[in-house]
Amino acid sequence: ENLFSDCPNLESIVFGDNAKLGIIEENAFKDHTKLSKVAFGKNSVLHTIYDYSFQGCTSLTSIEIPSSVSLLGRSAFEGCSKLPSFVVPEGVTSIGTSAFETHIYLRDVSLPNTLISIGDYAFNLCVNLHSIEIPNSVTTIGKSTFSSTKIELLTLGNSVSSIGEFAFSENHFLKHVVISNSLKTIHVGAFYNCKNLKSVDFGNSLVSLGAAAFQACSLTSVCLPETLQLIGDVAFAGNNLTSVTIGAATPPTCGEINFDQNTYEQATLFVPIGCRSVYENANIWKEFVNIVESGELINENFSDNISVF
């Protein structure tokens, strides 16, 4: 720990072939502002890069992590603001809290198929990050993990079961989201103020949708699965919804306010056949002026607007 703290002018580090280094300790190269290159030779046995090990290396532009590494610790590369791209190697199973936070020049990240969890704030404020593909191996995405980036399209892998609080909030370039069928929980504010988000495929397994999850987006319609049981306060407030389709025969439990008043008055709520009366008497859902059973025509002006489950 702090092994190179007395080498403030260190500009490059090369670990040779067959190096026996297994661990890079906490704070090992922290705040080495002149360090621009880190290289590892062949047959590396490095398996762990601990917390804060390269934090604040503001001149770092090149580093290739060996495939032997399985853990990237908390804030390991936080503030390495000049890295343009990063390949997380196969073998890594966990990316720690704030691992790449505030990488303002980071545009592209490649995540491995061995990755299971992405920690809180891992890519928060990577304001130029344009694309990300969540591997099928990932099960958990933490709090504010990808907040405030330039991601435009998001497709979640087939194993993600939970999206953390504000995980993708403030992504003003995000337009489309495809949620996997494994997803059960979207936490508070997960997509808050994604002001250009126009479409979301909710999958078929979602159970809980947190407060403000899609508040202040640009959704005009949503189709919610039959598995949904809970919708938090203002989950869809601040959108321009004209239709809400719900597949659950039992109305999901709602917070005090879930939709805007304009939505209640002007949008159409599509419900399963035989369930209109249930929704007309259910808290919050009864506020919708227009409740239509799926397969039923609204009126002659909307004769093509049919929803079938």
Side-chain angles (χ1 to χ4, degrees), residues 93-97 111-124 132-147 151 153-169 171 174 176-194 197 199-215 217 219 221-237 239 241 244-256 258-259 269-272 275 278-279 282-285 309:
T93 58
S94 176
I95 296 176
T97 298
L111 302 178
N113 291 319
T114 54
L115 189 63
I116 296 173
S117 64
I118 308 175
D120 297 346
Y121 308 101
F123 295 93
N124 182 42
I132 193 74
E133 183 175 342
I134 309 298
N136 289 333
S137 55
V138 172
T139 61
T140 303
I141 297 174
K143 181 191 302 182
S144 297
T145 303
F146 293 98
S147 183
I151 295 172
L153 171 65
L154 175 65
T155 300
L156 298 178
N158 294 332
S159 299
V160 176
S161 60
S162 175
I163 298 176
E165 296 178 8
F166 300 98
F168 296 95
S169 64
N171 278 295
L174 184 62
H176 307 288
V177 174
V178 179
I179 292 173
S180 67
N181 291 333
S182 61
L183 188 68
K184 306 293 184 184
T185 304
I186 298 177
H187 285 285
V188 173
F191 294 90
Y192 171 76
N193 200 28
C194 293
L197 181 59
S199 70
V200 179
D201 181 343
F202 285 93
N204 60 21
S205 300
L206 186 64
V207 175
S208 177
L209 189 60
F214 291 92
Q215 185 179 10
C217 296
L219 299 172
S221 65
V222 292
C223 185
L224 303 172
E226 61 182 309
T227 53
L228 190 61
Q229 298 177 12
L230 176 66
I231 303 177
D233 287 340
V234 297
F236 292 102
N239 286 272
L241 290 168
V244 176
T245 303
I246 181 75
T250 300
T253 301
C254 294
E256 293 184 6
N258 291 96
F259 302 92
L269 174 63
F270 292 94
V271 302
C275 295
V278 178
Y279 278 85
N283 185 39
I284 298 299
W285 301 104
F309 296 108

Mind checking what makes ring pair (Phe, Tyr, Trp, His ring centres under 6.0 Å) contact with [X], not counting sequence neighbours?
X: Y121; value: none
X: Y192; value: none
X: F166; value: none

Reported [atom1]-to-[atom2] distance for the pair [X] and [Y], which is rounded to 0.5 angstrom:
X: E133; Y: N113; atom1: CD; atom2: CG; answer: 8.5 Å
X: L228; Y: T253; atom1: CG; atom2: OG1; answer: 9.5 Å
X: L224; Y: L269; atom1: CG; atom2: CG; answer: 9.5 Å
X: L183; Y: N158; atom1: CG; atom2: CG; answer: 11.5 Å

Worksheet item: Can you list the residues that meet the side chain to side chain donor-acceptor pair (under 3.5 Å) rule with N258, with sequence neighbours excluded?
Response: none
Worksheet item: Of all residues at least two apart in sequence or in a different chain, which pass the side chain to side chain donor-acceptor pair (under 3.5 Å) check with S144?
Response: none
Given side chains that start at C-beta, do those of [X] and [Y] come closer than 4.5 Å, heavy atoms only?
X: I163; Y: L156; value: yes
X: V177; Y: L197; value: yes
X: S162; Y: K184; value: no
X: H176; Y: S199; value: yes
X: L115; Y: I95; value: yes

Worksheet entry | Candidate pair V160 and T140, rule side chain to side chain contact (heavy atoms under 4.5 Å, CB included), full reasoning | CA-CA 6 Å; V160 176; T140 303; over 6 Å; no
Practice prompt. Could you please spell out the steps behind the side chain to side chain contact (heavy atoms under 4.5 Å, CB included) verdict for F270 and V244?
Written response: CA-CA 6 Å; F270 292 94; V244 176; over 6 Å; no
Worksheet item: For residues S169 and S147, is any side-chain donor paired with an opposing acceptor at under 3.5 Å?
Response: yes
Worksheet item: Considering the options F146, F236, F214, which one meets the ring pair (Phe, Tyr, Trp, His ring centres under 6.0 Å) requirement together with F191?
Response: F214
Only pairs under 3.5 Å count here: list side-chain donor-acceptor contacts from residues 200-213, not counting sequence neighbours, and write none if there are none.
| from | atom 1 | to | atom 2 | distance (Å) |
| --- | --- | --- | --- | --- |
| D201 | OD1 | G203 | N | 3.0 |
| S205 | OG | N181 | O | 2.4 |

Can you name the closest pair of heavy atoms from [X] and [Y] and give their distance?
X: P135; Y: P112; value: CG-O, 3.1 Å
X: I151; Y: L153; value: CG2-O, 3.5 Å
X: I284; Y: C254; value: CG1-CB, 3.7 Å
X: S221; Y: L241; value: N-CD2, 3.6 Å
X: G164; Y: A190; value: O-CB, 3.9 Å
X: A249; Y: Y279; value: O-CE1, 4.1 Å

Discussion item. Working note: L154 + I132, criterion side chain to side chain contact (heavy atoms under 4.5 Å, CB included); need CA distance, chi angles, decisive distance, verdict.
Written reply: CA-CA 7 Å; L154 175 65; I132 193 74; 4.3 Å; yes
Discussion item. Go through it in stages, so that I can follow the logic: the residues are L111 and I118, the test is side chain to side chain contact (heavy atoms under 4.5 Å, CB included), and I'd like the CA-CA distance, side-chain angles, deciding distance and then a yes or no.
Written reply: CA-CA 10 Å; L111 302 178; I118 308 175; 4.0 Å; yes
Worksheet item: Got a donor-acceptor contact below 3.5 angstrom from the S161 side chain to the T139 backbone?
Response: yes
Discussion item. Strictly distance-based, threshold 3.5 Å: is any side-chain N or O of N239 a donor or acceptor partner for the main-chain N or O of L219?
Written reply: yes
